[in-house]
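Here the structure is a predicted model, which is why all the values come from computation and not from measurement.
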Amino acid sequence: MYVYGKNVAIEILKKNDQINKIYLSHSFKDEFIKSAIQKRNIEVQYLEKKQLDQLANGNHQGIIVSVPDYQYSALEDLLKQENPFLILLDHLEDPHNLGAIIRTAEAAGVDGIVIPKNRSVTVNATAIKTSAGAYKNMKIALVTNLKQTIESLKENGFWIVGTDMEGTNFETIDYRGKIAIVIGNEGNGMSRLVKESCDFIASIPMRGKINSLNASVAAGIMIYEAVKQRK
């Protein structure tokens with residue numbers, strides 16, 4: 001898998017993860033990154049910008065890193081804290097949204113993110129770039145069936161909070177203890193079965209003419225309301 005961008009490269013180099021090869025532009029000037037590459041004795045190939053553009057579908061900032069495919073965590077690994085705080089993504093499709101949610105979740109101290117295997121965005125190069133390296137510090141589990149996962153979490157003492165335009169004001173819900181917040185699909189929101197499995201449905205009040213928020217923005221608002229209460 002190719003990942004790209006300076007922040008991503010720095011996180012990978014700091015974590016001492018396996019790197020197959022690094023591609024740099026001839027004009028790449030970041031001496032900190034170049035020094036880190038040299039210390040680890042990683043193979044480097046210099047390419048023209050057009051060649052780098054062909055490898056990375058985004059702003060690579062002159063560096064592309066070839067690494068093994070992303071390794072997901074087991075769901076059990078996300079539950080090791082005393083009162084885990086999880087984010088469940090109900091078939092999101094945009095990798096930019098996934099990357100932004102990973103970045104916010106990592107910054108807020110969320111314990112893990114859960115995404116379904118099918119009909120959903122996965123941790124790809126675009127999501128990794130958008131996360132600005134935060135993906136290296138966030139546990140992400142890939143599950144076969146989100147509804148069954150929710151039922152399993154509930155059996156383990158979790159409260160499940162879904163998000164929808166038709167619900168209770170998100171500020172009035174208690175997010176302490178074991179909690180999982182569900183963010184729905186960008187266009188269709190939560191699926192019917194997932195929505196029916198939630199203990200609470202949270203709604204973010206809209207006071208303008210637009211009646212919905214970007215999925216990653218909604219996730220950020222929900223996450224930080226939970227963080228405020230969980231202090």
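- For CG of N41, the number of neighbouring non-hydrogen atoms (other residues, nucleotides, ligands) closer than 6.0 Å is 12 at most.
- Using a distance-only test at 3.5 Å, with no hydrogens or angles considered, a donor-acceptor pair links the side chain of E186 to the main chain of D94.
- Sorted by first then second residue, the side-chain hydrogen bond (donor to acceptor under 3.5 Å, both in side chains) pairs that include residues 121-133, not counting sequence neighbours, number zero.
- Each of I33, V65, V8 was scored for a side chain to side chain contact (heavy atoms under 4.5 Å, CB included) with L13, with one residue passing: I33.
- With hydrogens and angles disregarded, a donor-acceptor distance shorter than 3.5 Å links the side chain of T104 to the backbone of A100.
- Under the ring pair (Phe, Tyr, Trp, His ring centres under 6.0 Å) criterion, no residue pair touches residues 167-191, with sequence neighbours excluded.
- Scanning both residues, I113 and M138, for their nearest heavy atoms gives CD1-CG, 3.9 Å.
- Judged as a ring-ring contact (aromatic ring centres under 6.0 Å, His included), and not counting sequence neighbours, the contacts of F200 are W159.
- Contact check for Q45 versus L47: side-chain heavy atoms found under the 4.5 Å cut-off.
- Nearest heavy atoms, P116 versus L89: CD-O, 3.0 Å.
- For A56 against Y4, the heavy-atom pair with the smallest separation is CB-CD2, 3.5 Å.
- A salt bridge links K154 with D199: the closest approach of a Lys/Arg side-chain nitrogen to an acidic carboxylate oxygen falls below 4.0 angstrom.
- Within a 6.0 Å radius of CE in M165, no more than 12 heavy atoms belonging to other residues, nucleotides or ligands are found.
- With T163 contributing its side chain and V182 its backbone, the two residues share a donor-acceptor pair below 3.5 Å.
- Of the charged side-chain nitrogens involved, at least one lies within less than 4.0 Å of a carboxylate oxygen, so that D164 and K195 count as a salt-bridged pair.
- A donor-acceptor distance shorter than 3.5 angstrom exists from the side chain of T149 to the backbone of N145, with no hydrogens or angles considered.
- Taking the ring-ring contact (aromatic ring centres under 6.0 Å, His included) definition, one finds that F28 meets it with nothing, sequence neighbours left out.
- Under a 3.5 Å cut-off, the side chain of R176 and the backbone N or O of Q229 do not form any donor-acceptor pair.
- Inspection of the S120 and E93 side chains reveals no N or O donor paired with an N or O acceptor under 3.5 Å.
- Pairs of residues two or more places apart, or lying in two chains, never qualify as ring pair (Phe, Tyr, Trp, His ring centres under 6.0 Å) while including a residue from residues 91-131.
- Closest non-hydrogen pair, K29 versus K34, comes out as C-CD, 4.5 Å.
- Counting non-hydrogen atoms of neighbouring residues, nucleotides and ligands closer than 6.0 angstrom, the CZ atom of R40 exceeds 12 such neighbours.
- Scored by the side chain to side chain donor-acceptor pair (under 3.5 Å) test, K49 finds D53 as partners (sequence neighbours excluded).
- Between the side chain of D111 and the main chain of F85, a donor-acceptor pair closer than 3.5 Å is present.
- At a cut-off of 3.5 Å, with distance as the only test, a side-chain donor of Q18 or N20 sits close to an acceptor on the other residue.
- When each of I160, L86, N83 is tested with K178 by the rule side chain to side chain contact (heavy atoms under 4.5 Å, CB included), just one qualifies, namely N83.
- A distance below 6.0 Å separates the ring centres of Y70 and Y72.
- A pairwise comparison of heavy atoms in N169 and P205 identifies ND2-CG, 3.5 Å as the closest pair.
- For G184 against L92, the heavy-atom pair with the smallest separation is O-CD1, 3.2 Å.
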